[in-house]
Amino acid sequence: MEQQRTVSTPAGVLTYTLHRKQVKNFNLRVGRDQSISLSVPMRCSLEQADRFICSKSSWLVTVLERQRSERLPVPPEPDRENCRRCLSAALLRVYPLTEPMGVAMPELKLRRMTTQWGNCHWSQGYITLNTALARCPEALQDYVALHELVHFLHHDHGAGFYAVMDRLMPDWRSRRQTLRRYSAALERC
């Protein structure tokens, strides 16, 4: 059960989506789109949910303000042909790093995604890159392409995965941090 709620808090008026679920604890999330979502146990009253939002209001406002200030402007998404050219170039730039490790050149698929920059389908031999990634600088495109290629070697985000990323792209953590500031590119144009 989902319900939109608006509550007056010490930090100002906040609107959130209340989800009643089979959960034991309250789960509070702030989305990239600045949405606030609260999942609560089925037995939780509306007053309890509103009080919880009030108790977290200063933290919520801080997170929302930080998200707004950290966002970087992004150019419009290129057409499909330019997007393919741009992201294929990123894959070609970083593929030589993984080729000596036995990674075969994967098929590249493009798709509009709203929550992730890319994903790897290692068992089928392809990676999917988010078309929104074409709106980001080349260094960030390279990071995502390499991240997905390394998944052909390590299917999860375990220590082995990060060891390979550290070796192949020592500054990958700062690139990942910068990429988070481009979250506006994930939103639909």
Side-chain angles (χ1 to χ4, degrees), residues 1-78 83 86-87 90 110-120 128-148 151 156-157 161-162 165 169 171-189:
M1 185 163 104
E2 185 177 301
Q3 181 181 6
Q4 284 292 116
R5 305 277 302 157
T6 301
V7 62
S8 216
T9 75
V13 176
L14 294 173
T15 300
Y16 70 99
T17 304
L18 177 66
H19 303 271
R20 286 204 163 116
K21 296 181 172 184
Q22 295 292 335
V23 295
K24 292 181 182 179
N25 301 309
F26 285 34
N27 299 304
L28 181 60
R29 292 172 302 285
V30 178
R32 287 185 174 127
D33 62 353
Q34 304 259 296
S35 64
I36 300 170
S37 178
L38 176 64
S39 298
V40 298
M42 297 295 278
R43 68 187 183 286
C44 178
S45 71
L46 295 176
E47 293 77 24
Q48 286 175 303
D50 288 349
R51 275 197 307 272
F52 182 78
I53 292 293
C54 283
S55 73
K56 302 295 182 187
S57 63
S58 62
W59 175 80
L60 286 166
V61 168
T62 300
V63 169
L64 293 169
E65 287 174 353
R66 187 180 69 227
Q67 280 184 346
R68 281 191 288 274
S69 70
E70 288 179 348
R71 285 181 161 200
L72 294 172
V74 291
E77 192 169 307
C83 185
C86 175
L87 298 178
L110 302 178
R111 197 177 77 168
R112 186 78 171 105
M113 298 182 269
T114 57
T115 60
Q116 57 187 165
W117 293 104
N119 55 47
C120 175
T128 304
L129 295 180
N130 190 334
T131 56
L133 189 58
R135 301 169 72 187
C136 300
E138 278 186 6
L140 305 181
Q141 296 167 8
D142 293 353
Y143 157 68
V144 174
L146 181 63
H147 180 110
E148 301 312 332
H151 277 307
D156 59 13
H157 290 113
F161 174 87
Y162 292 118
M165 286 297 294
M169 186 178 279
D171 68 338
W172 71 268
R173 285 179 179 84
S174 67
R175 292 184 195 211
R176 179 181 63 182
Q177 193 64 33
T178 302
L179 186 62
R180 289 183 176 141
R181 298 177 65 200
Y182 282 87
S183 63
L186 291 172
E187 298 167 6
R188 294 222 176 258
C189 302

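Index from 1, following the sequence.
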Inset, instruction - Work out which heavy atom in I36 is nearest to a heavy atom in L60; give both atom names and the distance. - result: CG2-CD2, 4.2 Å
Legend entry - Shortest non-hydrogen contact between M113 and L129, atoms and distance: CE-C, 3.8 Å
Side-chain donor-acceptor pairs of residues 40-49 under 3.5 Å, sequence neighbours excluded:
unit_1, atom_1, unit_2, atom_2, d
S45, OG, Q48, N, 3.1
S45, OG, Q48, OE1, 3.4
Q48, OE1, S45, N, 2.8

Inset, instruction - Could I get the full list of side-chain hydrogen bond (donor to acceptor under 3.5 Å, both in side chains) partners for T62, not counting sequence neighbours? - result: none
Legend entry - By salt bridge (charged side-chain N to carboxylate O under 4.0 Å, His left out) - contacts of R175 (at least two apart): D171
Inset, instruction - Taking salt bridge (charged side-chain N to carboxylate O under 4.0 Å, His left out) as the test, write out the residues that go with R111, two or more places apart. - result: none
Inset, instruction - Name all residues meeting the ring pair (Phe, Tyr, Trp, His ring centres under 6.0 Å) criterion together with H19; count only those two or more places apart in sequence or in a different chain, and write none if there are none. - result: none
Inset, instruction - Applying side-chain hydrogen bond (donor to acceptor under 3.5 Å, both in side chains), name anything that partners S57, two or more places apart in sequence or on another chain. - result: none
Legend entry - Test side chain to side chain contact (heavy atoms under 4.5 Å, CB included) applied to S35 - qualifying residues, sequence neighbours left out: D33
List the atom pairs, with distances to 0.1 Å, where a side-chain N or O of residues 140-147 and a protein N or O form a donor-acceptor pair under 3.5 Å, not counting sequence neighbours.
unit_1, atom_1, unit_2, atom_2, d
Q141, NE2, L133, O, 3.3
Q141, NE2, C136, O, 2.8
D142, OD1, R93, NE, 2.9
D142, OD1, R93, NH2, 2.8
D142, OD2, R93, NE, 3.2
H147, NE2, H151, NE2, 3.2
H147, NE2, H157, NE2, 3.1

Legend entry - Qualifying residues under salt bridge (charged side-chain N to carboxylate O under 4.0 Å, His left out), relative to R173, sequence neighbours excluded: D166
Inset, instruction - Measure from the side-chain N and O atoms of E148 to the backbone N and O of C120, and report whether any donor-acceptor pair falls under 3.5 Å. - result: yes
Legend entry - Side chain to side chain, N130 and R112, heavy atoms closer than 4.5 Å: yes
Inset, instruction - Could you check if a side-chain atom of C83 sits within less than 4.5 angstrom of a side-chain atom of R135, using non-hydrogen atoms only? - result: no
Inset, instruction - State which residues pass side-chain hydrogen bond (donor to acceptor under 3.5 Å, both in side chains) with S8; sequence neighbours excluded, sorted by chain then number. - result: none
Legend entry - Interatomic spacing from CG in L38 to CG in N27 - rounded to 0.5 Å: 8.0 Å
Inset, instruction - Name all residues meeting the side-chain hydrogen bond (donor to acceptor under 3.5 Å, both in side chains) criterion together with R176; count only those two or more places apart in sequence or in a different chain, and write none if there are none. - result: none
Legend entry - Approximate separation, where rounding is to 0.5 Å, of T6 OG1 and I53 CD1: 11.0 Å
Legend entry - ring-ring contact (aromatic ring centres under 6.0 Å, His included) contacts touching residues 22-58 (sequence neighbours left out): F26-F52
